[in-house]
Trainee: 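Got a structure here, written out as structure tokens. Questions coming.
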Number of protein chains: 2
Amino acid sequence: MNDLEGLEPEQINRISKARERVIDSIGKNMDLYGITLSIGHLYGYMYFNEGPVTLDELSRTMGMSKTSMSTGVRTLLDLKMIDKVWGKGTRKDLFEVVPDWHQNFSDYFSIKWRKAVEGNMIALTKSLTEIRDMQAEYAENAEILRLLLNDEEKIMEAIKYYRWLLKLIEALETGKIFELIPKET
Amino acid sequence: MNDLEGLEPEQINRISKARERVIDSIGKNMDLYGITLSIGHLYGYMYFNEGPVTLDELSRTMGMSKTSMSTGVRTLLDLKMIDKVWGKGTRKDLFEVVPDWHQNFSDYFSIKWRKAVEGNMIALTKSLTEIRDMQAEYAENAEILRLLLNDEEKIMEAIKYYRWLLKLIEALETGKIFELIPKET
DNA sequence: TTTAGTGTACAGTTTTAACTTTACGTACTT
DNA sequence: AAGTACGTAAAGTTAAAACTGTACACTAAA
């Protein structure tokens, strides 16, 4: 339910303005999370609204189709930025934001970057063994060997980087990052 | 210059295959950096090639227009993933990858996230003062006051998060992150 | 079983972004 | 001064995505 309903128009206007500045700003930078502007707006609205909302309310407030709300909400669910919650007395699904942005940030990395890193690692190690096989095979061909050693070196560097990145991701997942870089009190 | 030129077709094929697996994998996950698949490929090729390359070489190798190479290269330059280098004897621009991926990662955050965080911070503080002004103004209206306190709380939480995020970004920029989470030796 | 309410898959449309072709400005060569 | 090589801006085209409307499956109530 829209929490501004029932106020004077002028009051609604002033509060909305303050909120919308923030909502716009959040939405605009949501592309860093791979999220479209309109879904960013969606999230911003949910962030300020007191209590959970339904797809129909979102559709009405955002002036967009219910289908778009459905897919948008699902994207935000996948990123663990919102939760589906139970509301007795209604058959509609209810959604509300997960208010802990530190957690959102960590989850995002866990979800997106870990997958990418692990995928790249597989490709790197596979190619590394191939390169090394060829090194043995072309051991007497100096020209090729130089190339192969160079490739090996580069792949090794990449692997080192990804191992470091995995440690960073792990620190985010376990919350150890907040020992290293403390939150505000 | 393509570093595989002059080899036997079969040798080129084998080395290329090992490289391409990695290049594909890198390119595929470059969207995390907000980079398109083809620019990711571009980067991957440059990563393995020995020595800097020109726009014409890239165009030929990638099978894409020179204009696309120009814009692609500029994107990578903006993200500090490649450098423009001097080559005597040629009037063409030469480009090569910055091989330190730890640095790439740090730069990316510095460039993209810092800008977003600072933008959001401005919006948040601006709206925060507005909300607080209204709190003083509507001090005797309990219903509105409750709403305003709620909004204030949420904005404060967001500001706290962004301050933490700035510390993380700073740790990346200064390299302090590598004391907290050490690189491989 | 029917009926109404709800979320989503699907197909179609519109908007956006990627890419290409052409053309131009600048700088080097002769 | 004239010609050539180079990188990029501009306009046009093609491919991708965001978004909508409709239809359908599922559930709960009557």
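Lettering follows sequence order; numbering is per chain, from 1.
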Trainee: Please state how far atom CG in B/Asp93 lies from atom C1' in D/dA5, giving the value in whole angstrom units.
Mentor: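 Rounded to whole Å, this separation is 12 Å.
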Trainee: Within this structure, what is the CG-to-P distance between B/Leu94 and D/dC6, rounded to whole angstrom?
Mentor: 11 Å
Trainee: What integer distance in Å separates B/Met69:CE from C/dT20:C1'?
Mentor: 11 Å
Trainee: Between C/dT16 atom P and A/Asp31 atom CG, what is the distance in whole Å?
Mentor: 15 Å
Trainee: Would you check if the side chain of B/Tyr47 reaches a backbone N or O of A/Lys154 as a donor-acceptor pair within less than 3.5 Å?
Mentor: yes
Trainee: Across the strands shown, which category fits B/Thr71 at heavy-atom distances under 4.0 angstrom: base, sugar-phosphate, nothing?
Mentor: nothing
Trainee: Is there a donor N/O on one and an acceptor N/O on the other, under 3.5 Å, for the side chain of A/Thr67 and the base of D/dG21?
Mentor: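 Side chain to base: pair present.
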Trainee: Can you check whether any acceptor in the base of D/dA5 is under 3.5 Å from a donor in the side chain of B/Arg91, or vice versa?
Mentor: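 For B/Arg91, whose side chain was compared with the base of D/dA5, there is a donor-acceptor pair (under 3.5 Å).
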Trainee: Flag the pair A/Arg146 / B/Glu50 as yes when at least one side-chain heavy-atom distance between them is below 4.5 Å, and no otherwise.
Mentor: yes
Trainee: State whether A/Ser65 places a side-chain N or O below 4.0 Å from either non-bridging phosphate oxygen (OP1 or OP2) of D/dT20.
Mentor: yes
Trainee: Whole angstrom is fine here: how far is it from CE in A/Met64 over to P in C/dT14?
Mentor: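 It works out to 16 Å between those atoms.
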Trainee: Using whole Å, report how far NE2 of B/His41 lies from C1' of C/dA18.
Mentor: 16 Å
Trainee: Using a cut-off of less than 4.0 Å, is there contact between a side-chain N or O of B/Ser70 and OP1 or OP2 of D/dG7?
Mentor: no
Trainee: Under a 3.5 Å distance rule, please check whether B/Trp101 uses its side chain to pair with a backbone N or O of A/Ala158 as donor and acceptor.
Mentor: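 A pair under 3.5 Å: no.
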Trainee: Over how many whole Å does the gap from A/Asp56 atom CG to C/dT6 atom C1' extend?
Mentor: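 Result: 8 Å.
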Trainee: Under a 4.5 Å cut-off applied to non-hydrogen side-chain atoms, are A/Thr36 and A/Met30 in contact?
Mentor: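 Contact flag for A/Thr36/A/Met30 side chains = no.
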Trainee: Just verifying a value: how many Å separate B/Gln135 CD and B/Thr129 OG1, rounded to the nearest 0.5 Å?
Mentor: 11.0 Å
Trainee: For the pair made of CG in A/Leu37 and P in D/dC19, what is the distance, rounded to whole Å?
Mentor: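 Interatomic distance, CG of A/Leu37 to P of D/dC19: 8 Å.
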Trainee: Select one nucleotide: of C/dC19, C/dT20, D/dA9, the one nearest the side-chain heavy atoms of B/Arg74.
Mentor: D/dA9
Trainee: Would you mind telling me which of C/dT8, D/dC6, D/dA18 lies closest to the side-chain atoms of B/Lys66?
Mentor: D/dC6
